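Encoded as structure tokens, the structure appears first; notes follow it.
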Amino acid sequence: MTAAPAQSLWSATATAAPALAPLAGPRRADIAIIGAGYTGLSAALHLAAAGRVVLVLEAQALGTRASGLNGGQVIPGLKTDPDALEAWLGPERGARLVASVGAAPDLVFELIGRHAIDCDAVRSGWIQPATSQAALSELAGRVEQWRRRGAAVELLAAREVALLTGSRRYCGGLLDRRGGTVQPLSYVHGLARAVARSGAEICVHTPALHLRRAAREWQIETPHGAVSAPIVIVATNAYSGALVGALRRSIIVVPSFQVATMPLTQAQRAQILPGGQAASDTWHLLRYFRLAAGARLVLGARGTFGREPGPRSCRHHYRAVVEIYPQLAGVAFEYHWGGLVAMTRDHLPHLHELAPGLLAGLGYNGRGVAMATLMGRLLAQRALGMSDAELAFPVTPVRSIPLHGASSLAARAAIQYLRAVDSLARIHARLRGRSSWI
Ligand SMILES: Cc1cc2nc3c(=O)[nH]c(=O)nc-3n(C[C@H](O)[C@H](O)[C@H](O)COP(=O)(O)OP(=O)(O)OC[C@H]3O[C@@H](n4cnc5c(N)ncnc54)[C@H](O)[C@@H]3O)c2cc1C
């Protein structure tokens, strides 16, 4: 374990960031985008490809928020299963939505290929290992739903999960061959380079301070001058602040924390995730893990609210690593870092039209590598005039979560509760002698 200051494996191993500068004086654009994560960059790329004059405003340096910090797991689909999505939207629209979210990893890997993005992209699949028989039954239903739609998803027995993950702690699982992994910060850098090459401009260290409608245009105030544009896309997700208060109130923000071990030995490497898949298990407070640069194991789980991740979080994650991989007892962490995840009440991402010409996409519930990339394309399509009916994703009104401040407190309480539920389930399984897969 380590008590060293937080630093991410990604920032230590990413490709060089493109040279970008802050805004220099007032500007006009066809479309202004606020936020340069996957959502904003993907929107910019698709809009520039359609010949629009695009300006992206980013408050920080490039990739310092969720898109540069995440686990790099490219996960197909949403947390809501295909049948439920079709029941929600009806067979035709529902089927289109299911097809588009199932193909979201195609978009990621296609952009990586088309723009020659150097980001350690590997498409070897995504595993959901089951932590209980009840979770495994749910996975069986999910597999059946995806297979009915022709997706390359299969149910795995405990032995197969053990072979693929190197962990005997799971009682089965799901393998979705559409998924994969990227170095998330290198993916941001590559997207930003592609955006710049396509003629759009990204201004870093340029926070949008105020947004107002003036005549037919939107005016965005920044410390370095005002930007005017008929269309604005807000792509600030979990880092949405007071700029558009309704967005901030439509999500619950929860911290997630990751650790990266020292490089594994060759023997450990041969056992642990030998096929290079990513995994996110089915605990209520799930653990997600994968291998990354230099054969390090990267593991993430819920972090602690309101505090910089430190030794306590590292101890918690050390216990998780050793529970999954007892063979890693004593392993040291070389990197640790955290970020914020935007959760929604219905577990779905949302595409909003807040006012004429004011669009937003957010709420990926921890699955934004593929989904935010897709959302960027959807936002671009909407900005280019595609109707709600034609879009693969519905445009929904933004809904503030009632008593939002209290809801955030309730989320903290819920997380403590779910942590306790998971702990009890582990104890229960141990008492029943099922310690091989708890
Ligand atoms: C620790 C962690 C692990 C995760 N792991 C995974 C994973 O393995 N797989 C997966 O699919 N998803 C994962 N996610 C979720 C995924 O990272 C996000 O859903 C995705 O990056 C969201 O992209 P975004 O562009 O919408 O938001 P962000 O990347 O957060 O970008 C928003 C940007 O808006 C900027 N901004 C905010 N306000 C302003 C303003 N006023 N003016 C200008 N700029 C502003 C911010 O600085 C930021 O750069 C994880 C998230 C975290 C935090």
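As the structure lists them, so they are numbered: ligands from 1, and atoms in each ligand from 1. Just so you know, these numbers come straight off a predicted model, no measurement behind them.
At a heavy-atom cutoff of 4.0 Å, ligand 1 is contacted by the backbone of Leu57 but not by its side chain. Counting heavy atoms closer than 4.0 Å to ligand 1, residue Tyr38 contributes atoms from both its backbone and its side chain. At a 4.0 Å heavy-atom cut-off, ligand 1 does not touch Met371 at all.
Side-chain atoms of Arg290 and Gln277 form no donor-acceptor pair, as typed in the model, at a separation below 3.5 Å. With 3.5 Å as the limit, one finds no donor-acceptor pair spanning the side chains of Tyr335 and Ser11. For the residue pair Tyr187/Thr373, the side-chain donor-acceptor check at 3.5 Å is satisfied. Side-chain atoms of Trp126 and Gln73 form a donor-acceptor pair, as typed in the model, at a separation below 3.5 Å. For the residue pair His350/Thr396, the side-chain donor-acceptor check at 3.5 Å is satisfied. No donor-acceptor contact under 3.5 angstrom links the side chains of Thr344 and Tyr364, judged on distance only.
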Before you tell me yes or no, could you show the steps for Leu264 and Arg296 under side-chain contact (heavy atoms from CB on, under 4.5 Å), namely the whole-Å CA-CA distance, both residues' side-chain angles and the distance that decides it to 0.1 Å?
CA-CA 6 Å; Leu264 303 183; Arg296 294 173 174 88; over 6 Å; no
Candidate pair Asp106 and Arg123, rule side-chain contact (heavy atoms from CB on, under 4.5 Å), full reasoning
CA-CA 10 Å; Asp106 291 348; Arg123 197 167 190 184; 2.6 Å; yes
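Atom 38 (N) of ligand 1 has its nearest heavy-atom neighbour, among Thr206, Thr236, Leu211, Leu247, in Thr236. Heavy-atom proximity to atom 44 (N) of ligand 1, evaluated over Ser8, Gly68, Gly241, Ala59, is greatest for Ala59. Nearest residue to atom 4 (C) of ligand 1 from Val182, Thr222, Asn70 is Asn70 (criterion: closest heavy atom). Nearest to atom 40 (C) of ligand 1 by heavy-atom distance, out of Gly71, Ala208, Pro76, is Ala208. Of the candidates Ile33, Leu340, Asn365, Leu69, Leu340 brings a heavy atom nearest to atom 53 (C) of ligand 1. For atom 9 (N) of ligand 1, the candidate residues are Gln73, Arg65, Met375; the nearest heavy-atom contact is made by Gln73. In the candidate list Ser67, Gly35, Ala61, Ser67 is nearest to atom 28 (P) of ligand 1, counting heavy atoms.
Protein heavy atom in closest approach to atom 24 (P) of ligand 1: Thr39 OG1, 3.4 Å. Taking atom 18 (C) of ligand 1 as the reference point, the nearest protein heavy-atom neighbour is Gly368 CA, 3.9 Å. Atom 52 (C) of ligand 1 has as its closest protein heavy atom Val341 CG2, 3.7 Å. Asn237 ND2, 3.6 Å is the protein heavy atom nearest to atom 22 (C) of ligand 1. If you check which protein heavy atom lies closest to atom 13 (C) of ligand 1, you get Gly366 O, 3.3 Å. Protein heavy atom at the shortest distance from atom 33 (C) of ligand 1 is Glu58 OE1, 3.6 Å.
Remark: Arg249 engages Ala246, Ser400, His404 in a side-chain contact (heavy atoms from CB on, under 4.5 Å) (not counting sequence neighbours).
Taking CD1 from Ile233 and CG from Leu354, the interatomic distance works out to 11.5 Å, rounded to the nearest 0.5 Å.
Near Tyr239, meaning under 4.0 Å from one of its heavy atoms, ligand 1 places the atoms 30 (O), 37 (C), 38 (N). Residue contact check: Tyr288 has heavy atoms under 4.0 Å from atoms 1 (C), 2 (C), 3 (C) of ligand 1. Of all atoms in ligand 1, numbered sequentially from 1 with element shown, those under 4.0 Å from a heavy atom of Gln60 are 47 (O). Shown in contact with Gly339 at under 4.0 Å from a heavy atom are these atoms of ligand 1, numbered in order with element: 53 (C). Near Arg367, the atoms of ligand 1 lying under 4.0 angstrom from a non-hydrogen atom of the residue are 10 (C), 11 (O), 12 (N). Those atoms of ligand 1 that come under 4.0 Å of a heavy atom in Gln258, given as number and element, are 1 (C), 3 (C).
Taking the six-membered ring for Trp and the full ring otherwise, the centers of His317 and Phe257 sit less than 6.0 Å from each other.
Using a 4.0 angstrom heavy-atom cutoff, Pro207 counts as in contact with ligand 1. Heavy-atom separations between Gly338 and ligand 1 are all 4.0 Å or longer. Ligand 1 lies less than 4.0 angstrom from a heavy atom belonging to Ala235.
With hydrogens and angles ignored, the 3.5 Å screen pairs no side-chain donor or acceptor of Arg178 with any backbone N or O of Asp176. Without hydrogens or angle criteria, Arg96 side chain to Glu390 main chain gives a donor-acceptor distance under 3.5 Å. The backbone N or O of Cys203 lies less than 3.5 Å from no partner atom in the side chain of Glu58, so there is not a single donor-acceptor pair.
Ion pairing between Arg114 and Glu110 holds under the 4.0 Å rule for side-chain N and carboxylate O.
Where the criterion is an N or O separation shorter than 3.5 Å, residue side chain and backbone included, Val369 meets it with respect to ligand 1.
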